[in-house]
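Report on the structure given below.
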There are 2 protein chains.
Amino acid sequence: MLTERQLLILRAIIDDYIQTAQPVGSRTLSKRDDLSFSSATIRNDMADLEDMGLIEKPHTSAGRIPSEVGYRYYVDHLVETKLIDERETYRLGERLRASAQESEVLIRQAADLLSDLTNYTTVALGPSSQMNRLARIDLMPLDERRGVVLIVTDQGHVEHRTVVFESPMAPDMVEQTIRFLNDRLKGTPLGQLKFRIGEEVSNLRLAHQQQYESMMQLIQATVGVHHPTSLYLGGKKNIFNQPEFQTLDTLRPFLEWIDEQERLTDWLESLPNREIYVSIGSENGILALQNCSVITSDYTLDGKTFGTIAMIGPTRMDYRHGVRMMGQIIEALRRTKLEE
Amino acid sequence: MLTERQLLILRAIIDDYIQTAQPVGSRTLSKRDDLSFSSATIRNDMADLEDMGLIEKPHTSAGRIPSEVGYRYYVDHLVETKLIDERETYRLGERLRASAQESEVLIRQAADLLSDLTNYTTVALGPSSQMNRLARIDLMPLDERRGVVLIVTDQGHVEHRTVVFESPMAPDMVEQTIRFLNDRLKGTPLGQLKFRIGEEVSNLRLAHQQQYESMMQLIQATVGVHHPTSLYLGGKKNIFNQPEFQTLDTLRPFLEWIDEQERLTDWLESLPNREIYVSIGSENGILALQNCSVITSDYTLDGKTFGTIAMIGPTRMDYRHGVRMMGQIIEALRRTKLEE
DNA sequence: ATTAGCACTCAGTAAATATGAGTGCTAATA
DNA sequence: TATTAGCACTCATATTTACTGAGTGCTAAT
């Protein structure tokens, strides 16, 4: 268990290191107003803290830096997750809504705003359309053999794909099929579309045997429409200002990792579903992020569960500020009404 | 005017430097099979080439490197723009078409392929939808007051936007408006939509006075739909392998510049409209690209003018190979039929 | 006109030497 | 018994110095 002074020292070390990115020495600490002990005393406590694995030294004659365990302790004991400044939340909400009312734009803005506030990189995952329900499906003919399949969800999300048919489409045939699909599939979550169509297809076969071929094609196309989840990156260049990313060896893996959209999406989707969660250094299990910490949170927009937002910075990130800003932003989003 | 030997030497210097990224010395050159002169002779010619501004030395005791003027000479005199290897073009075409038939995917693939072939970064601008003609416009109601405006073009391009109405929409009213818009605007290039609607709006006013308000809203929304040109980036990480981008000072401006999508789009759109065009170092006028050269070309797909593709590498890029690959790719695209 | 020869230049590397911030331990002090 | 002053020791970093070697320009010989 930590003595009060040790706690004070640990906190001072971390706060200082977060600011300066330099190892913190005993003399520096003893000069602080809130630590009126001699450097020797502090050295003794530091030795204890090191024994406990909370801090470490890069080499013999350097000061101490927090270890991952130390950060973990700091985050768990010294950072308040739930601290919302009503006025600031309100102001952030205003800033967000000023830009747009469309949800996708709103999320993009939120990501940008969050990275402006913190100077870290943010990633936001939009709503997974998998949960959206089919509002309407349609086929717009372009010419005899080509058409665009349109899928609109109850959330106003649109997906589309161009299809080419083997043989010219009979207009009434198309209309019939579309109507059929709409009748049967309206309200189906997009994620289940494929499955549901499998169920319906036997009915179809009986009802419209003669043009079975083209119908199948249309259905295939419908199912084949991709359901990408939209991904927004904010403040990517902030990384250039972090002292720990001033060398190619550290910078390159990070940049290569963050540019890989698909992997990024998978990662965000795989995160545990919580309100605000901090993952420190190697905890996140990603090689390219071994020197990074991540603050993630699911967010809701207008009350509805929506997506995930993440903030990525060096392990030496300002957890207190980061967590606070994250809290404010998701609260501002939560309070945002989609329609005016 | 250059003597034959000087030309030989210039070419050798550039070829060598492109390979090694190291200044080339007289002794190195004299050891080449195609340059059986003594190093002293070569030194004399090098001095002349330097006087002409074609090569320069980083410092007294280094070898020579090509100057921008030198590269320009090399590109203008020693690189053949139009050299197509039928078999390879065919093979590239196959590789492209294997992946997809949809034009947007095809372009993305082309960008990736080109950067694979050259190890440089590529940027491709998709078709500007401005030239696409309206095939159909539609409004899909989501609930009483929200709907999705859909715009489909003759090329199968889809754009959409969610609109919120002040007051509930009357279904027949909506239908009427949509029909009206479709009747009047079908075939209009997207770029002119705004203008054309201005012309039509007075007619509308007369015809449907009572619900003028909602109609106006719908029309506004229609016009307000954005027309983004799609942009694809290929092989961004290739830059990390270029020796001239091993330091943050050079890397950072490049990465920051290339991540700025809008600026990138504007830049590509502003390029002179030619088949293959090489811009060397500071010629391109972009600070972040002062150490880069760019090979650009407009391309056509299935015969139709489509967009622009660019390849960005260090000034010390392999112009011969780059130009050749660019030629092959745009030729492969040109020969690609959109429907099977 | 070409080449051999030689003195000279200068980036890059490596070894040699300081510098100083910081530590751990011990003994004195409150 | 907890704190502090004092001191020897460590080690990354900066500075100096010397050395190496690839390359040049010039001159004199071929």
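In what follows, chains carry the letters A, B, and so on, assigned in the order in which the sequence lines appear, proteins first and then strands, with residues in each chain numbered from 1.
- Residues that satisfy the side chain to side chain contact (heavy atoms under 4.5 Å, CB included) test with B/Glu244, not counting sequence neighbours, are B/Gln242, B/Pro314, B/Arg316.
- Of the residues in residues 4-19 of chain B, B/Arg5 come within less than 4.0 Å of DNA chain C through at least one heavy atom, sorted by number.
- Pairs of residues two or more places apart, or lying in two chains, never qualify as ring pair (Phe, Tyr, Trp, His ring centres under 6.0 Å) while including a residue from residues 11-69 of chain A.
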So which protein nitrogen or oxygen atoms get under 3.5 Å of nucleotides 22-27 of chain D's nitrogens or oxygens?
unit_1	atom_1	unit_2	atom_2	d
D/dG23	O4'	B/Ser61	O	3.2
D/dG23	O3'	B/Ala62	O	3.1
D/dT24	OP1	B/Arg64	NH1	3.2
D/dT24	OP2	B/Ser26	N	3.2
D/dT24	OP2	B/Ser26	OG	2.7
D/dT24	O3'	B/Lys57	NZ	3.2
D/dG25	OP1	B/Lys57	NZ	2.9
D/dG25	OP1	B/Arg64	NH2	3.1
D/dG25	N7	B/Arg43	NE	3.1
D/dG25	O6	B/Arg43	NH2	3.2

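- D/dA12 atom C1' lies 14 Å from atom CD1 of A/Ile65, rounded to whole Å.
- Partners of A/Glu331 by side chain to side chain donor-acceptor pair (under 3.5 Å), not counting sequence neighbours, listed by chain and number: A/Arg334, A/Arg335.
- Under the salt bridge (Lys or Arg N to Asp or Glu O under 4.0 Å) criterion, A/Arg5 pairs with A/Asp45, not counting sequence neighbours.
- Partners of B/Ser38 under the side chain to side chain donor-acceptor pair (under 3.5 Å) rule, at least two apart in sequence or in another chain, are B/Thr41.
- Atom pair A/Phe37:CZ and D/dA5:C1' shows a separation of 17 Å (rounding to whole Å applied).
- Legend: residues meeting salt bridge (Lys or Arg N to Asp or Glu O under 4.0 Å) with A/Arg324, ordered by chain and number and at least two apart, are A/Glu88.
- Under the rule for a salt bridge (Lys or Arg N to Asp or Glu O under 4.0 Å), the partners of B/Asp76 that lie at least two apart in sequence or sit in another chain are B/Arg72.
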Base-pair map of DNA chain D as dot-bracket, where | denotes pairing with a different strand and pairs are Watson-Crick or G-U under 3.5 Å: ||||||||||||||||||||||||||||||

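- Judged by distance alone, the side chains of A/Thr315 and A/Tyr71 never bring a donor and an acceptor atom under 3.5 Å apart.
- Applying the salt bridge (Lys or Arg N to Asp or Glu O under 4.0 Å) criterion to B/Asp266, with sequence neighbours excluded, gives no partner residue.
- Rounded to an integer number of Å, the gap from CD1 of A/Ile42 to P of C/dA21 is 17 Å.
- The side chain to side chain contact (heavy atoms under 4.5 Å, CB included) check on A/Leu271 picks up A/Trp267, A/Leu268, A/Thr296, A/Thr308, with sequence neighbours excluded.
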